[in-house]
Amino acid sequence: MDTTLSPSSTAAAVDSAAQRVSSRVVAWRRDFHQHPELGNREFRTSKIVAEHLRALGIEVRDKVAHTGVVGVLRGARPGPIVALRADMDALPVTEEVDVPFKSTVRTQWNGMDCGVMHACGHDAHTAILMGVAEVLAGMRDRIGGGVKFLFQPAEEGAPEGEKGGARLMIEEGCMAEPKVGAVFGLHVTSNHHTGMIGYRSGPLMASSDELRVFLRGEQTHGAMPWRGVDPIVVGSQVVVGLQTIVSRRMDITKEPSVVTVGVFHGGNRVNIIPEEVKLEGTIRTFDEAQRSDVHEHVKRITEMIAAAGGAQARVDIKRGYDVVVNDPALTEWSLPTLRRVAGEANVRVVDKVCGAEDFSFYQKVVPGFFLRLGCTPPERDLRKVAPGHSPRLFVDEDCMPLGVRALSSLALDWLASNG
Ligand SMILES: [Zn+2]
Ligand SMILES: [Zn+2]
């Protein structure tokens with residue numbers, strides 16, 4: 001047996017290659033952090049990614065789904081293809097973390113000036129995957145098959161009127177030619193300390209749909225409500241009625257769900273009952289059947305309450321991201337690898353997350369596994385740290401070598417056991 005290709009020597013080779021690239025992973029992350037770009041506008045980021053992959057001898061297709069980069073690393077021998085995914089976009093958030101590489105980038109968002117920040121940690125994801133590409137490119141002779149690197153734009157959503165993200169990457173062929181057999185990805189999380197890897201078999205992150213309700217009443221003087229139909233009162237009843245969906249209609253022993261009304265617009269003067277009211281909200285579920293049930297209940301409750309009050313209702317539900325469902329067999333298969341790289345005690349089952357992720361769309365094409373990487377420094381109290389999308393999100397860079405080792409090892413082990 002050729003000992004240079006034994007599993008333990010491969011693990012050692014991953015570790016030392018990850019060690020060698022670690023300071024540059026930090027440097028890339030700081031550079032992206034200081035130059036964050038919004039969805040479908042990741043021009044600078046994707047240029048750096050594409051140049052890095054090309055320098056490693058990886059085949060590159062750029063401008064996929066606007067600013068995405070797809071790289072294919074061919075191994076020395078034929079075999080299956082495994083995909084690894086990172087997202088590259090930042091958020092319209094004004095950074096409040098005091099680091100030397102703090103973002104000072106500004107943008108116009110909804111007509112207002114605000115900052116741009118990597119407030120979801122995608123800077124770390126991109127840097128980690130660049131590190132993985134370098135580790136694996138140096139191990140070509142050990143690879144049967146190949147590794148596809150998916151650097152995806154606009155995970156947080158595309159600008160109004162544009163398509164983007166994972167859905168568009170797939171439409172533009174990122175899972176085909178060469179055809180992908182499985183996909184892995186990760187997300188940093190401040191809910192856990194550095195060194196920890198969180199996993200969950202089955203549903204991990206929620207589906208996310210946008211709700212809009214338009215209620216038309218009949219305008220009248222505020223002093224004479226009987227001469228019209230007050231859409232503010234009807235709208236208030238609708239808000240209360242919607243609360244009964246999760247509490248009274250859903251089987252809570254199965255999966256949790258959320259219906260939130262976040263916007264209530266109507267009226268402009270103390271003594272005028274307006275003609276119309278607009279409500280907006282979000283719907284989160286962890287199961288496709290419950291998702292359509294919630295949609296039906298929202299429609300029926302809204303229309304019936306409106307009718308009871310003499311108003312007219314229009315309900316628009318815009319389907320967003322699907323549920324992130326970790327393939328149970330692939331999740332189970334991944335655990336020995338994760339335990340080897342992180343240590344037995346540092347690989348734990350995590351709670352479901354009501355946030356959404358468009359990684360779900362890749363998982364609709366092939367079995368996929370999405371893991372969570374702790375990014376809070378060990379000395380910090382987890383109850384006091386800022387979550388993702390906060391202007392105070394802090395990512396401990398010490399979590400990144402583990403991310404590099406985890407994704408590199410999952411890819412190599414998957415190719416070895418599926419070749
Ligand atoms: Zn996010
Ligand atoms: Zn994110």
*Asks:* Using the rule given for salt bridge (Lys or Arg N to Asp or Glu O under 4.0 Å), can you reason through Asp62 versus Arg54, listing the C-alpha separation, both sets of side-chain angles and the distance that settles it, and then say yes or no?
*Replies:* CA-CA 11 Å; Asp62 58 7; Arg54 283 195 183 105; 3.5 Å; yes
*Asks:* Spell out, as yes or no, whether a donor-acceptor pair under 3.5 Å connects the side chain of Thr302 to the backbone of Val298.
*Replies:* yes
*Asks:* Go through the side-chain N and O atoms of Thr194 and Asp396 and say whether any donor and acceptor fall under 3.5 Å apart.
*Replies:* yes
*Asks:* Got a donor-acceptor contact below 3.5 angstrom from the His193 side chain to the Arg380 backbone?
*Replies:* yes
*Asks:* Under 3.5 Å, is there a donor-acceptor pair between the Thr253 and Asp251 side chains?
*Replies:* yes
*Asks:* Taking atom types as modelled, find out whether Glu156 and His389 have a side-chain donor-acceptor pair closer than 3.5 angstrom.
*Replies:* yes
*Asks:* Starting at CG of Asp15, measure out to CD of Gln19 and round the result to the nearest 0.5 Å.
*Replies:* 9.0 Å
*Asks:* Does Glu296 pair with Arg300 as a salt bridge, N-O distance under 4.0 Å?
*Replies:* no
*Asks:* Between Glu397 and Arg29, is the salt bridge (Lys or Arg N to Asp or Glu O under 4.0 Å) condition met? List the steps.
*Replies:* CA-CA 8 Å; Glu397 291 167 338; Arg29 185 258 162 172; 3.0 Å; yes
*Asks:* Assess whether a salt bridge exists between Asp293 and Arg249, defined as any Lys/Arg side-chain N lying under 4.0 Å from an Asp/Glu carboxylate O.
*Replies:* no
*Asks:* When rounded to the nearest 0.5 angstrom, what is the spacing between CG in Leu415 and CZ in Arg142?
*Replies:* 13.5 Å
*Asks:* When you measure from the side chain of Ser103 to the backbone N and O of Val105, does any donor-acceptor pair fall under 3.5 Å?
*Replies:* yes
*Asks:* For Pro401, check side chain to side chain contact (heavy atoms under 4.5 Å, CB included) against everything at least two apart and list the hits.
*Replies:* Ser22
*Asks:* Locate the shortest heavy-atom distance separating Ile232 from Gly266; write the atom from each residue and the value.
*Replies:* CD1-O, 4.0 Å
*Asks:* Salt bridge or not for Asp322 and Arg291, using N-O below 4.0 Å?
*Replies:* yes
*Asks:* Under a 4.0 Å threshold between the charged nitrogen and the carboxylate oxygen, would Arg24 count as salt-bridged to Glu134?
*Replies:* yes
*Asks:* Could you give the distance from CD1 (Ile81) to CG (Asn418), rounded to the nearest 0.5 Å?
*Replies:* 12.0 Å
*Asks:* Return yes if some donor-acceptor pair links the side-chain N/O of Glu303 with the main-chain N/O of Ala313 below 3.5 Å, else return no.
*Replies:* no
*Asks:* Would you indicate whether Lys364, at its atom NZ, is surrounded by more than 12 heavy atoms from other residues, nucleotides or ligands within a distance under 6.0 Å?
*Replies:* yes
*Asks:* Could you report the tightest heavy-atom contact between Gly164 and Asn40, atom names first, then the distance?
*Replies:* CA-OD1, 4.1 Å
*Asks:* Look at the rings of Phe184 and Trp333 and say which category their plane angle falls in: under 30° parallel, 30 to 60° tilted, over 60° perpendicular.
*Replies:* tilted
*Asks:* Any donor-acceptor pair under 3.5 Å linking the side-chain atoms of Gln290 with those of Thr285?
*Replies:* no
*Asks:* Kindly check if the number of other-residue, nucleotide or ligand heavy atoms within 6.0 Å of NZ (Lys163) is above 12?
*Replies:* no
*Asks:* When you look at His122 and Met88, which way does the side-chain contact (heavy atoms from CB on, under 4.5 Å) test go after all the steps?
*Replies:* CA-CA 5 Å; His122 299 182; Met88 303 188 288; 5.9 Å; no
*Asks:* Whether the Trp28 and Thr126 side chains hold a donor-acceptor pair (N or O, under 3.5 Å, no angle test) is what I'd like checked.
*Replies:* no
*Asks:* With distance as the sole criterion, is a donor-acceptor pair present between the side chains of His35 and Asp31 under 3.5 Å?
*Replies:* yes
*Asks:* Taking the side chain as every heavy atom from C-beta outward, state whether Cys375 and Val395 have any pair of such atoms under 4.5 Å apart.
*Replies:* yes
*Asks:* Please list every donor-acceptor pair under 3.5 Å in which a side-chain atom of residues 345-357 meets a protein atom from a residue at least two apart or in another chain.
*Replies:*
| residue | atom | partner | partner atom | Å |
| --- | --- | --- | --- | --- |
| Asn346 | ND2 | Ala342 | O | 2.8 |
| Arg348 | NE | Ala345 | O | 3.2 |
| Lys352 | NZ | Glu255 | OE1 | 2.9 |
| Glu357 | OE1 | Arg85 | NH1 | 3.3 |
| Glu357 | OE1 | Arg85 | NH2 | 2.9 |
| Glu357 | OE1 | Phe359 | N | 3.1 |

*Asks:* Is a salt bridge present between Glu210 and Arg212, judged by a nitrogen-to-oxygen distance below 4.0 Å?
*Replies:* yes
*Asks:* Assess whether a salt bridge exists between Lys318 and Asp316, defined as any Lys/Arg side-chain N lying under 4.0 Å from an Asp/Glu carboxylate O.
*Replies:* no
*Asks:* Under a plain distance cut-off of 3.5 Å, with no hydrogens placed, do Tyr362 and Gln152 share a side-chain donor-acceptor pair?
*Replies:* yes
*Asks:* Would you check, one step at a time, whether the test side-chain contact (heavy atoms from CB on, under 4.5 Å) holds for Leu150 with Leu84?
*Replies:* CA-CA 6 Å; Leu150 308 175; Leu84 302 174; over 6 Å; no
*Asks:* Are Asp209 and His295 close enough that a side-chain donor and a side-chain acceptor fall under 3.5 Å?
*Replies:* yes
*Asks:* If every non-hydrogen atom of Gly71 is compared with every non-hydrogen atom of Leu53, which pair is closest and at what distance?
*Replies:* CA-CD1, 4.1 Å
*Asks:* Among Arg200, Glu332, Gln363, exactly one meets side chain to side chain donor-acceptor pair (under 3.5 Å) together with Asn326. Which residue is that?
*Replies:* Gln363
*Asks:* Answer yes or no: is there an ion pair linking Lys278 with Glu280, defined by an N-O contact shorter than 4.0 Å?
*Replies:* yes
*Asks:* As a quick check of understanding, evaluate side-chain contact (heavy atoms from CB on, under 4.5 Å) for His125 and Leu186, giving each step before the final call.
*Replies:* CA-CA 7 Å; His125 305 164; Leu186 60 75; 3.9 Å; yes
*Asks:* Looking only at side-chain N and O atoms, does Glu95 offer a donor or acceptor that is under 3.5 Å from a partner on His33?
*Replies:* yes
*Asks:* Looking at Leu136 and Ala411, what are the two nearest heavy atoms and their distance?
*Replies:* CD1-CB, 4.1 Å
*Asks:* Let me see the working for Ser190 and Thr376 under side-chain contact (heavy atoms from CB on, under 4.5 Å), right down to the final yes or no.
*Replies:* CA-CA 5 Å; Ser190 59; Thr376 291; 3.5 Å; yes
*Asks:* Is there a donor-acceptor contact under 3.5 Å from the side chain of Lys148 to the main chain of Ala176?
*Replies:* yes
*Asks:* For a quick test of reading the model, state the closest non-hydrogen atom pair linking Ser208 to Thr282 and the distance between them.
*Replies:* OG-OG1, 4.4 Å
*Asks:* Without swapping roles, check the side chain of Thr260 against the backbone of Gly262 for a donor-acceptor pair under 3.5 Å.
*Replies:* no
*Asks:* Give a yes or no answer on whether the side chain of Ser417 reaches the backbone of Asp413 with a donor-acceptor pair at less than 3.5 Å.
*Replies:* yes
*Asks:* Against Val261, only a single residue in Val238, Val239, Val213 fulfils side-chain contact (heavy atoms from CB on, under 4.5 Å); can you say which?
*Replies:* Val239
*Asks:* Take atom CD of Glu288 as the centre, draw a 6.0 Å sphere, and report whether it contains more than 12 heavy atoms from other residues, nucleotides or ligands.
*Replies:* yes
*Asks:* Does Met224 offer a backbone N or O that forms a donor-acceptor pair with the side chain of Thr220 under 3.5 Å?
*Replies:* yes
*Asks:* Under 6.0 Å from the CD atom of Gln108, do we count more than 12 heavy atoms belonging to anything else shown?
*Replies:* yes
*Asks:* Do you know which two heavy atoms are closest between Cys174 and Val70, and how far apart they sit?
*Replies:* CB-CG2, 4.0 Å
*Asks:* Should we say atom CD of Glu276 is surrounded by more than 12 heavy atoms from elsewhere, each under 6.0 Å from it?
*Replies:* yes
*Asks:* Tell me if a side-chain donor or acceptor on Asp89 pairs with a main-chain N or O of Glu155 at a distance below 3.5 Å.
*Replies:* yes
*Asks:* So, His52 side chain and Met130 main chain: donor-acceptor pair closer than 3.5 Å or not?
*Replies:* yes
*Asks:* Assess whether atom CD of Glu160 is packed by more than 12 heavy atoms of other residues, nucleotides or ligands within 6.0 Å.
*Replies:* no
*Asks:* Does a side-chain N-to-carboxylate-O contact under 4.0 Å join Glu171 and Arg167?
*Replies:* no
